[in-house]
Amino acid sequence: MKSADMDTTVWRERGEPLVAGSGRGPLRGLRLAVKDVYAVAGHPTGAGNPAWLAEAEPQPAHSWAVAALLDAGAEVTGIARTDEFAYSLNGTNAHYGTPPNPAAPGRVPGGSSSGPAAAVALGEADAGLGSDTAGSIRVPSSYCGLYGLRPSHGAVPVTGMLPLAPSFDTVAWLARDAGTLARVGDVLLPAGAEAGAPFRTALVVADLLALADPGVREAFPAAAAELAERAGLHLAHVPTLGADPADLAQAFAIAQAAEAWECDGDWLSAHPGVLGPGIGARFARASEVTAERRATAEVAVHRAGRTLRAALREDTVLLLPAAGGPAPLIDESPERKSALRDATFRLTCPASSAGLPCLVLPRMSVDGLPVGLAVVGGHGADRRLLELAG
């Protein structure tokens, strides 16, 4: 079903609702935008690519996350756009266009959970079900001025979600307010798993903060201090957490690319020319990753992950910008887009490498444009992180 006035840059399908909820439960009536990487029973999964969609069969059952949210009373308002195969941070799609960003008009919404982010920011959905491998919920949350959560790796089943890089993929979600973000978390996150001590320390790492634009670096101290005062946190400034951010990002990109090609390479090889130029170039590089390069990269990623997990003890979080700067203009120069993407990728890689949860709070503004404050916690600290959002 398609609504006549549906914005097709935001939605692939939309209904009133598209899929009804159970009619009962803590999320009764909540309008949900579902990223087009999840199985929605009776509908094909499109992955942001028309050639893939043309061959896709209707799904026989809902993905785990969609089913859990429907059972809790949410309704699926529609299936929302994604960057192709969820392999981007920009929020653009060569086939379907760029969803609007009402928090920063004329600028990208961020990806790859671009459709859910735009739908929520526009008020056309209350929450967006997305995914996060290397920042795909954190970046659109930052660019669109939303609350977002990437949970601990393995905390929420990815059953029925189209994989990109399974070692790093997570179910993730965003909302306009902290209460809605937490309500979704109450349904999706495992119950009774946390009885940890309150957070006491917030690390600020100089070499990570240095990656951000000057305006973000200027806004960051006040945002960090406000959160610290409200949550009773001691700010601890440290120069580094061990791994050079650029080296980790390079290793992560290689490891992610190898897994992405493992997931999609056979189909893409059989369908040459179906990808937009940016995603096409990324997959082309992925096809060239050798077993030796992959193994070396994975060692570096796992080493950095262990270091970060050790630093984030039960009572410690990491504070950093969720993105390198505000959302770039849709027609921004390729050089500026590339520089911002590189900086942002270096900021998102640590949590992804360690499989750690990350909360994004809309706490900073640079020239009137939103930038998120990211809070990374120890593995399994998801519910305690959500308490910091209130």
Side-chain angles (χ1 to χ4, degrees), residues 35 89-91 101 103-104 108-114 116-118 120-121 127-153 155-156 170-185 188-189 199 202-204 208-209 211-213 216 219-220 223-224 226-228 230-231 233 312 317-327 340 343-352 354 356-366 369-377 381-390:
K35 183 177 181 176
L89 295 178
N90 280 330
N101 181 349
V108 302
S112 61
S113 303
S114 52
V120 170
L129 181 64
S131 63
D132 191 304
T133 303
S136 285
I137 211 77
R138 289 167 281 172
V139 175
S141 295
S142 183
Y143 286 177
C144 295
L146 301 172
Y147 292 81
L149 184 76
R150 168 204 163 87
S152 298
H153 192 86
V156 183
T170 63
V171 171
W173 58 96
L174 45 74
R176 288 188 302 279
D177 62 90
T180 300
L181 192 80
R183 288 169 62 207
V184 173
L188 294 180
L189 292 169
F199 295 125
L203 299 178
V204 176
L208 291 175
L209 185 57
L211 297 169
D213 286 351
V216 177
F220 180 85
E226 185 276 331
L227 176 63
R230 178 168 55 81
L233 302 173
L312 298 186
V317 295
L318 167 67
L319 302 185
L320 70 166
L340 180 58
T344 297
F345 191 66
R346 292 173 186 180
L347 288 166
T348 61
C349 279
S352 293
L356 298 181
C358 183
L359 172 71
V360 176
L361 304 172
R363 291 291 190 271
M364 291 186 282
S365 178
V366 176
L369 301 170
V371 178
L373 175 67
V375 189
V376 181
D382 309 63
R383 289 182 180 271
R384 286 189 290 143
L385 279 184
L386 285 171
E387 292 174 1
L388 296 178

About how many Å separate [atom2] of [Y] and [atom1] of [X], when rounded to the nearest 0.5 Å?
X: Ser113; Y: Leu146; atom1: OG; atom2: CG; answer: 11.0 Å
X: Arg183; Y: Asp177; atom1: CZ; atom2: CG; answer: 8.5 Å
X: Phe199; Y: Leu388; atom1: CZ; atom2: CG; answer: 5.5 Å
X: Thr344; Y: Asn90; atom1: OG1; atom2: CG; answer: 9.0 Å
X: Leu174; Y: Ile137; atom1: CG; atom2: CD1; answer: 4.0 Å
X: Asp132; Y: Lys35; atom1: CG; atom2: NZ; answer: 8.0 Å

For [X] and [Y], which heavy atoms make the closest approach, and how far apart are they?
X: Cys144; Y: Ala103; result: O-CB, 3.4 Å
X: Gly135; Y: Pro140; result: O-CD, 3.8 Å
X: Ala327; Y: Asn101; result: CB-ND2, 4.1 Å
X: Trp173; Y: Pro151; result: CZ3-CG, 4.0 Å
X: Thr133; Y: Arg150; result: O-NH1, 3.4 Å
X: Asp213; Y: Pro326; result: OD2-CD, 4.2 Å

Taking C-beta and beyond as the side chain, do [X] and [Y] meet within less than 4.5 Å on heavy atoms?
X: Leu203; Y: Leu312; result: yes
X: Val156; Y: Thr170; result: no
X: Val108; Y: Ser114; result: no
X: Leu189; Y: Leu386; result: yes
X: Tyr147; Y: Ser141; result: no
X: Leu209; Y: Leu320; result: no

Is the side chain of [X] donor-acceptor paired with the backbone N or O of [Y] at a distance under 3.5 Å, no angle test?
X: Arg176; Y: Val120; answer: yes
X: Arg138; Y: Thr348; answer: yes
X: Asp382; Y: Pro357; answer: no

Exercise for the section: Run the salt-bridge test on Arg383 and Glu387 with the 4.0 Å N-O cut-off and return the result as yes or no. Expected result: no
Exercise for the section: Just do the side chain to side chain contact (heavy atoms under 4.5 Å, CB included) check on Leu181 and Leu359 with the steps written out, would you? Expected result: CA-CA 10 Å; Leu181 192 80; Leu359 172 71; 3.7 Å; yes
Exercise for the section: For Leu369 and Tyr143, run side chain to side chain contact (heavy atoms under 4.5 Å, CB included): C-alpha distance rounded to whole Å, both residues' side-chain angles, the deciding distance at 0.1 Å, then the answer. Expected result: CA-CA 8 Å; Leu369 301 170; Tyr143 286 177; over 6 Å; no
Problem - Option from Leu319, Leu356, Leu385 for which side chain to side chain contact (heavy atoms under 4.5 Å, CB included) with Val376 holds - result: Leu356
